[in-house]
Amino acid sequence: MLKNRSLVSISDLSEDDVNNVFLKADEMLGYINNSKKINIMNSKILATLFYEPSTRTRLSFESAMHRLGGSVISMADSKTASVSKGETLADTIRIVESYSDIIVIRHPLEGAALLASKFSSKPIINAGDGSGEHPTQTLVDLYTIRKELGDINDKTITIIGDLKYGRTVHSLLMALIRYNVKINLISPENLRLPDYVYNELKNKLNITISSNLEKYIDSTDVLYVTRIQKERFTDKNEYSKLIGSYKITLKEVDKMKDNSIIMHPLPRIDEISPKVDITDKAKYFKQASYGIPIRMALISMIVGD
Amino acid sequence: MEKTLKISKIKDGTVIDHIPAGNALKVLDILNIYENNSISIGIRVLSNKIEYKDVIKIENRFLEKIELDKISLIAPSATISIIKNYVIIEKFRVDMPDKIRGILKCINQNCITNSGEPVKSEFNIISKEPLIVKCIYCKREMNSDEIIKNI
């Protein structure tokens with residue numbers, strides 16, 4: 001049961017919780033496909049507190065709440081809000097919890113969502129905390145694999161890109177512990193998975209680490225591509241050196257096996273060529289669209305009657 | 001052979017013994033020492049238990065729980081003797097708490113606990129030997145050297 005619970009980390013959810021979210025998302029997908037608005041949240045308010053830029057995550061939470069018949073309030077740009085006057089996150093949360101029934105937060109510092117959940121009596125959903133976690137993106141990712149390939153088990157998942165700062169990767173790997181999967185982690189040497197994440201996973205997941213995609217692409221079922229996180233680099237020269245260090249083009253797509261898929265949490269910069277978009281392997285836009293049923297499912301299960 | 005004491009006895013106060021050799025000054029650094037606290041320090045003293053050890057004797061000072069918790073992180077093998085009128089009235093080994101609250105700064109500058117929020121840092125003990133703790137907020141792990149630098 002998710003009722004009145006915060007979702008800070010993907011580890012907060014049991015296997016049953018995840019499966020129940022997927023079943024509920026299937027139900028929500030039915031409403032969306034039939035353009036049917038449901039009014040199960042018509043007296044509820046969702047607050048979004050985004051201290052970092054976001055397009056998809058914020059809009060998909062807002063769209064999900066609107067489709068459920070609820071209302072949304074949002075903090076204006078954090079640069080113009082009271083946070084710029086030095087207000088602590090704890091104080092902001094104590095105020096916003098009295099204005100809303102559920103709070104979605106994105107923050108540049110790791111642990112911000114956990115802190116928010118300690119100061120709020122209303123459920124908090126973590127929409128990304130620094131290079132920490134992004135659990136709702138993980139649910140969207142797992143749901144996409146399940147919808148597109150039928151099952152998550154017995155798949156080879158190759159994750160390529162910025163494994164050091166990419167929070168979607170950290171959350172996804174934590175969630176994949178529960179499944180029988182083979183993981184290939186491909187990245188430039190200095191964007192490898194941080195030790196503190198790797199140590200947690202090494203005995204629980206079948207992981208291969210490499211810089212060479214070529215070797216693993218033909219056995220891959222899911223190619224999960226991430227962008228290099230420009231905003232997390234303090235040294236911009238370092239970023240310039242790494243940008244464009246790998247790119248998925250039609251040449252790579254040709255080497256992939258039948259029924260394999262390419263995913264990306266978006267936004268992309270240049271790591272996937274636009275020519276790949278029209279191939280049947282490109283599922284990243286569909287993946288983004290699954291953000292709505294997943295977030296509708298979560299909101300309704302957490303604050304629904 | 002005649003036995004002699006390298007560090008003289010104290011009348012009232014605390015003896016911190018079996019500190020790993022070389023860590024005495026780190027232990028002293030985290031204690032609140034006042035004007036009436038005379039201190040004797042033995043560094044690299046031969047011990048029966050371990051080859052060498054450090055010892056600290058503090059006059060007129062009895063340690064608080066938070067200080068004992070800090071010592072347990074720097075010197076997990078340390079023993080504490082409480083002395084009253086030259087007699088040991090209590091002796092115990094420091095006990096590492098399961099959770100470490102408010103005594104350690106997270107090494108991750110991007111952790112929410114380092115940003116002026118009204119919250120105490122909090123770590124779980126992942127392993128006692130070797131000592132590894134994990135921030136409950138940002139999930140970053142810290143080893144013994146990092147703990148000593150951030151206590």
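Note on naming: letters A, B, ... go to the chains in the order of the sequence lines (proteins, then strands), and numbering restarts at 1 for each one.
Among residues two or more places apart in sequence or in another chain, the side chain to side chain donor-acceptor pair (under 3.5 Å) test is passed with A:S98 by none. When the salt bridge (Lys or Arg N to Asp or Glu O under 4.0 Å) test is applied to A:R56, no partner is found at least two apart in sequence or on another chain. Taking A:S121 as the reference, A:E97 meet the side chain to side chain contact (heavy atoms under 4.5 Å, CB included) condition, with sequence neighbours excluded.
For the atom pair CG (A:L115) and SG (B:C111), the distance works out to 9.5 Å, reported to the nearest 0.5 Å.
The number of heavy-atom neighbours closer than 6.0 Å to CZ of B:F62, taken from other residues, nucleotides and ligands shown, is above 12.
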Taking only distance into account, so ignoring hydrogens and angles, what donor-acceptor contacts under 3.5 Å exist between chain A and chain B?
{"from": "A:L89", "atom 1": "N", "to": "B:E117", "atom 2": "OE1", "distance (Å)": "3.1"}
{"from": "A:L89", "atom 1": "N", "to": "B:E117", "atom 2": "OE2", "distance (Å)": "2.7"}
{"from": "A:A90", "atom 1": "N", "to": "B:E117", "atom 2": "OE1", "distance (Å)": "2.9"}
{"from": "A:P108", "atom 1": "O", "to": "B:N110", "atom 2": "ND2", "distance (Å)": "3.2"}
{"from": "A:E110", "atom 1": "N", "to": "B:N110", "atom 2": "O", "distance (Å)": "2.9"}
{"from": "A:E110", "atom 1": "O", "to": "B:I112", "atom 2": "N", "distance (Å)": "2.9"}
{"from": "A:E110", "atom 1": "OE1", "to": "B:N108", "atom 2": "ND2", "distance (Å)": "2.7"}
{"from": "A:E110", "atom 1": "OE1", "to": "B:R140", "atom 2": "NH2", "distance (Å)": "3.4"}
{"from": "A:E110", "atom 1": "OE2", "to": "B:N110", "atom 2": "ND2", "distance (Å)": "2.8"}
{"from": "A:Y196", "atom 1": "OH", "to": "B:R140", "atom 2": "NH2", "distance (Å)": "3.2"}
{"from": "A:E200", "atom 1": "OE1", "to": "B:K134", "atom 2": "NZ", "distance (Å)": "2.1"}
{"from": "A:E200", "atom 1": "OE2", "to": "B:K134", "atom 2": "NZ", "distance (Å)": "3.2"}

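For chain A, no part of B:I126 is nearby; none of its heavy atoms comes within less than 4.5 Å.
Ranked by heavy-atom pairs under 4.5 Å with chain B, the first of A:G132, A:A90, A:A113, A:P194 is A:A90.
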